[in-house]
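Residue numbers begin at 1 in each chain, while the letters A, B, ... track the order of the sequences. Model, not experiment: these values are computed from the prediction.
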Number of protein chains: 2
Amino acid sequence: MGDAREYLGEFEQVVLLALARLGDGGYGAEIHAEILDATGRDVSIPAVYVTLKRMERKGLVSSRTRRPTGGGRALRIYTVEAEGSRALQRSRELFERLWDSPHLDPGQAS
Amino acid sequence: MGDAREYLGEFEQVVLLALARLGDGGYGAEIHAEILDATGRDVSIPAVYVTLKRMERKGLVSSRTRRPTGGGRALRIYTVEAEGSRALQRSRELFERLWDSPHLDPGQAS
DNA sequence: CCAGCTATTAGACATTGTATAAAAACAATG
DNA sequence: CATTGTTTTTATACAATGTCTAATAGCTGG
């Protein structure tokens, strides 16, 4: 199996940031809702899960299960790991550096 | 053939931003150099070309050829199209919105 | 016309993005 | 206690991106 990349993919960033925004861990539906809420982007829930699982394999997040409150299956709570924070930080710096250019500053319409 | 996605991929953003920074179009080697210069990221030149070509297919950039100055083959000069600027804008807004959270502002342990 | 440059294109293959369908697991019900 | 209803997670699958190592293509000067 291949190795992970040095930088987060576009959607990985979205999912990881949404999880980070939750503050203290979160599970599928919460993360999905956070993405929709913060960005208006309506992606399928499994898309979120599969990305989470891949990021876990890379050590960017970790997870544990929790008994469900009402009915339904057990929850899988995800948390951002230090490696994940670092990746986020790198991505941020990357784009901040790239956007910092005289040719890109003035917000012009189309 | 598949359709394009709604958001730019991670590397597409990098390449498109590097091209935009050049101000008035640029070709392979220049874009490659700009990426290295602005971000320290040393990717292969073909990686840049293939991404450029895919973005051209999607209408994000356009290209024309120019006679070479010294020796060597003709250059292919790329320019950011309106559609490309819009995509860049969308990506920027997406991440600005996601990063705007109380949980993400303070610098945490690295 | 052949060697030597500078640039671009061809493939190839692993990783990501993203959806549809299927399965789990617990609670209430009769 | 089997059946159904909820809520949530996993399995799969496949298209799009990321990224590399060759292979070409065109000039120019001997």
Side-chain angles (χ1 to χ4, degrees), chain A residues 1-19 25-33 35-36 39 41-58 60-61 63-78 87 91 94, chain B residues 1-18 25-33 35-36 39 41-61 63-78 87 91 94:
Chain A
M1 296 298 178
D3 212 13
R5 267 191 285 166
E6 186 175 359
Y7 294 89
L8 292 170
E10 190 273 327
F11 191 56
E12 288 181 318
Q13 278 183 77
V14 170
V15 173
L16 199 46
L17 276 171
L19 175 57
Y27 66 99
E30 287 178 334
I31 298 171
H32 177 258
I35 292 172
L36 183 59
T39 73
R41 187 165 169 183
D42 190 12
V43 76
S44 76
I45 296 198
V48 174
Y49 278 112
V50 92
T51 297
L52 246 10
K53 178 155 291 188
R54 287 167 183 169
M55 290 197 290
E56 181 165 32
R57 186 150 40 75
K58 299 192 237 169
L60 302 174
V61 301
S63 76
R64 69 205 130 85
T65 49
R66 176 190 297 168
R67 301 215 76 101
T69 41
R73 172 181 188 164
L75 303 167
R76 179 168 293 280
I77 310 290
Y78 279 94
S91 289
L94 174 66
Chain B
M1 295 298 181
D3 210 14
R5 267 191 284 165
E6 185 175 359
Y7 294 89
L8 291 170
E10 191 273 326
F11 192 56
E12 288 181 318
Q13 277 183 78
V14 170
V15 173
L16 198 47
L17 275 171
Y27 65 99
E30 287 179 333
I31 298 172
H32 178 257
I35 292 173
L36 183 58
T39 72
R41 187 166 169 182
D42 190 13
V43 76
S44 77
I45 296 200
V48 174
Y49 278 112
V50 93
T51 297
L52 246 10
K53 179 155 292 191
R54 286 167 183 170
M55 290 198 290
E56 180 166 32
R57 188 149 41 75
K58 299 192 240 170
L60 302 175
V61 301
S63 77
R64 68 206 131 87
T65 50
R66 176 190 296 168
R67 302 214 78 101
T69 40
R73 170 182 190 166
L75 303 167
R76 179 169 292 281
I77 310 289
Y78 280 93
S91 289
L94 174 66

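Taking atom CD on B/Glu6 and atom C1' on C/dA19, their separation rounds to 15 Å, with Å as the unit. Rounded to whole angstrom, the span from the NE2 atom of A/His32 across to the P atom of D/dT7 amounts to 15 Å. The distance from atom CD of B/Glu12 to atom C1' of C/dG17 is 12 Å, rounded to the nearest whole Å. Distance, A/Ile35 CD1 to C/dG17 P: 11 Å, rounded to whole Å. One atom, CZ of A/Arg66, and another, P of D/dT8, lie 12 Å apart when rounded to the nearest Å. As rounded to whole Å, 18 Å separates atom P of C/dA24 from atom CG of A/Leu75. Whole-Å rounding puts the B/Arg57 CZ to C/dT9 P distance at 14 Å. Atom pair B/Leu52:CG and C/dA7:P shows a separation of 15 Å (rounding to whole Å applied).
Each of A/Val48, A/Leu60, A/Ile31 was scored for a side chain to side chain contact (heavy atoms under 4.5 Å, CB included) with A/Leu19, with one residue passing: A/Ile31.
Residue B/Val48 is out of contact with every strand shown, counting any heavy-atom pair closer than 4.0 Å. Using a 4.0 Å heavy-atom cutoff across all strands shown, B/Arg41 reaches sugar-phosphate atoms only and no base atom.
Residue A/Ser44 has its side chain nearest to C/dA19 when only D/dT19, C/dA19, C/dA7 are considered. Taking every side-chain heavy atom of A/Phe11 into account, C/dG17 is the closest of C/dA10, C/dT16, C/dG17. Set against C/dA25, D/dT19, C/dA7, the side chain of B/Arg54 has D/dT19 as its closest nucleotide. Closest approach to the B/Val50 side chain among C/dA23, C/dG11, C/dT6 is made by C/dG11 (side chain taken as heavy atoms from C-beta onward). Minimum atom distance to the side chain of A/Pro46 is reached by C/dA19, of the listed C/dA19, D/dG18, D/dA22. Here the side chain of B/Glu10 is nearest to one of C/dA10, C/dA24, D/dG18, namely D/dG18.
Shortest non-hydrogen contact noted between B/Ser91 and B/Gln13 is CB-OE1, 3.5 Å. For A/Ser63 against A/Arg76, the heavy-atom pair with the smallest separation is OG-NH1, 2.8 Å.
Under the 6.0 Å distance and 45° angle rule, A/Arg5 does not count as a cation-pi partner of B/Phe11.
Side-chain nitrogen and oxygen atoms of A/Arg5 include none within less than 4.0 Å of the OP1 or OP2 phosphate oxygen of C/dA14. In this model, the phosphate group of D/dT10 is approached by a side-chain N or O of A/Arg76 to a distance below 4.0 Å at OP1 or OP2. Here B/Lys58 reaches the OP1 or OP2 of D/dT17: one of its side-chain N or O atoms lies under 4.0 Å away.
For B/Arg41 and B/Glu10, the salt-bridge test passes: some basic side-chain N is under 4.0 Å from an acidic carboxylate O.
When each of A/Gln13 and A/Ala74 is assigned the nucleotide of DNA chain C with its nearest heavy atom, A/Gln13 is the one assigned upstream, toward the 5' end.
Of the possible donor and acceptor atoms, one in the side chain of A/His32 sits under 3.5 Å from a partner among the backbone N and O of A/Val43.
The base of D/dG26 lies outside donor-acceptor range of the side chain of B/Arg67, with no N or O pair under 3.5 Å.
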